[in-house]
Amino acid sequence: MRKLGIDFYQRPNVLQIAKELLGKVLVTKWDGIETSGRIVEVEAYNGVNDKASHAAGGRRTNRNEVMYGKSGVAYVYLCYGIHHLFNVVTNERETPHAILIRALEPIKGIDIMLQRTNKKQLDHTLTRGPGNVSKALGISFKHHTGHSLLSKDLFITEDDFVLNKKNLAASPRIGVDYAGEDASLPYRFYIKGNPFVSGKPK
DNA sequence: CTGACGATTCACT
DNA sequence: GTGAATCGTCAGC
């Protein structure tokens, strides 16, 4: 297992980074309790020129400030008053790129994740969808937005998993109809056929 | 200070 | 397929 370093996050092409995140492993280790899962679905948010981004048009608020900061940091925010959505900040300071982690395939600490989500047994809904990912990994916007991904309790690693290119799929992003023509950009990437990918089951 | 709303999920018809 | 849940954030007064 090799932890991804600042060189991975700091690069300018957020779409490239998003694709490369597929197959990597997201780990949280709060109070020594480890939970992890392989990333199987992501969405890229391409800075000020992307109408679907919170930073569209250079919008800068207290909430999205962390996207304008350094890369390799978590941007977590509350949606619908209920769901915590976990994003990875990329690129240089003042360039608000981010990648939303939409789904994982559970690896470690499945019993802990079941406990956190009040579920009884493992099924494909445990870490499917961005709200469920944060819930299962114990990530909350209050405590973890701005948290470094180069830290010991929150990070992304790669193992020997290799994603076959024919299993890489792209589609428009989900839930961003308000973004006009940018809503149809193919900025969502996922591993084809993986049961934890959100959207229509197949 | 106030009101409208969201990068969603789940229970229910 | 439809609708409720639920609260921090933001724009506007």
Side-chain angles (χ1 to χ4, degrees), chain A residues 9 14-15 17-19 21-22 26 37 39-69 71 73-91 95-106 113-147 149 156 169-190 195-202:
Chain A
Y9 302 107
V14 68
L15 299 177
I17 300 174
K19 284 183 226 175
L21 276 178
L22 291 177
L26 174 61
I39 298 168
V40 300
E41 182 184 1
V42 298
E43 280 179 10
Y45 286 84
N46 195 16
V48 298
N49 296 318
D50 182 352
K51 290 196 183 68
S53 171
H54 289 164
R59 218 164 92 90
R60 188 163 185 156
T61 66
N62 207 45
R63 178 177 67 160
N64 69 22
E65 181 63 30
V66 56
M67 280 203 285
Y68 288 85
S71 58
V73 165
Y75 170 43
V76 190
Y77 79 96
L78 184 65
C79 187
Y80 294 98
I82 305 171
H83 307 292
H84 302 257
L85 306 206
F86 174 78
N87 300 251
V88 175
V89 176
T90 68
N91 212 325
T95 308
H97 288 181
I99 299 168
L100 171 68
I101 308 299
R102 290 191 59 89
L104 304 174
E105 179 179 312
M113 294 196 258
L114 290 170
Q115 209 172 305
R116 284 178 180 148
T117 54
N118 290 319
K119 288 178 177 168
K120 302 222 156 63
Q121 57 180 34
L122 175 63
D123 66 15
H124 61 85
T125 68
L126 181 62
T127 49
R128 176 194 210 173
N132 291 326
V133 167
S134 302
K135 200 172 177 188
L137 292 182
I139 294 170
S140 74
F141 84 99
K142 268 189 199 164
H143 298 107
H144 307 307
T145 199
H147 197 96
L149 294 173
I156 299 175
S171 82
R173 291 168 292 185
I174 293 176
V176 295
D177 296 341
Y178 59 84
E181 69 272 20
D182 287 348
S184 57
L185 293 172
Y187 284 3
R188 169 173 176 256
F189 304 101
Y190 59 97
F196 290 90
V197 171
S198 64
K200 300 173 195 167
K202 200 177 170 190

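Chain letters run A, B, ... following the sequence lines, proteins first, then strands; residues in each count from 1.
The span of DNA chain C lying next to chain A, judged by atoms under 4.0 Å from heavy atoms, is bounded 5' to 3' by C:dA5 to C:dA11.
Every residue was checked against the side-chain hydrogen bond (donor to acceptor under 3.5 Å, both in side chains) condition with A:His144, not counting sequence neighbours, and none meets it. A:Arg63 meets the salt bridge (charged side-chain N to carboxylate O under 4.0 Å, His left out) test with no other residue; sequence neighbours excluded. Residues satisfying the salt bridge (charged side-chain N to carboxylate O under 4.0 Å, His left out) test with A:Arg60, not counting sequence neighbours, are A:Glu65, A:Glu94. In terms of the salt bridge (charged side-chain N to carboxylate O under 4.0 Å, His left out) criterion, residue partners of A:Lys51 (sequence neighbours excluded) are, by chain and number, A:Glu181. Scored by the side-chain hydrogen bond (donor to acceptor under 3.5 Å, both in side chains) test, A:Tyr45 finds A:Glu43 as partners (sequence neighbours excluded). Remark: A:His83 engages no residue in a ring pair (Phe, Tyr, Trp, His ring centres under 6.0 Å) (not counting sequence neighbours). A search for side-chain hydrogen bond (donor to acceptor under 3.5 Å, both in side chains) contacts involving A:Thr117 returns nothing, not counting sequence neighbours. A:Phe141 is linked by a ring pair (Phe, Tyr, Trp, His ring centres under 6.0 Å) to A:His84, counting only residues two or more places apart in sequence or in another chain.
At least one donor-acceptor pair closer than 3.5 Å links the side chain of A:Asn64 to the backbone N or O of A:His54.
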Expected output check: what is the dot-bracket annotation of DNA chain B, where ( ) and [ ] are pairs inside the strand (brackets for crossing ones), | is paired with another strand, and pairs are Watson-Crick or G-U under 3.5 Å? ||||||.|||||.

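Within the 4.0 angstrom heavy-atom criterion, no nucleotide atom of any strand lies near A:Arg60.
Comparing C:dG1 with B:dA7, their C1' atoms sit 22 Å apart, to the nearest whole Å. Taking atom P in both C:dT6 and B:dT2, one finds a spacing of 22 Å when rounded to whole Å.
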Heavy atoms under 4.0 Å is the rule here; annotate nucleotides 2-13 of chain B 5' to 3' with B where the base is hit, S where only the sugar-phosphate is, and - elsewhere. ----BBBSS---

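Residue pairs meeting the salt bridge (Lys or Arg N to Asp or Glu O under 4.0 Å) criterion with at least one partner in residues 79-90 of chain A, sequence neighbours excluded, are absent.
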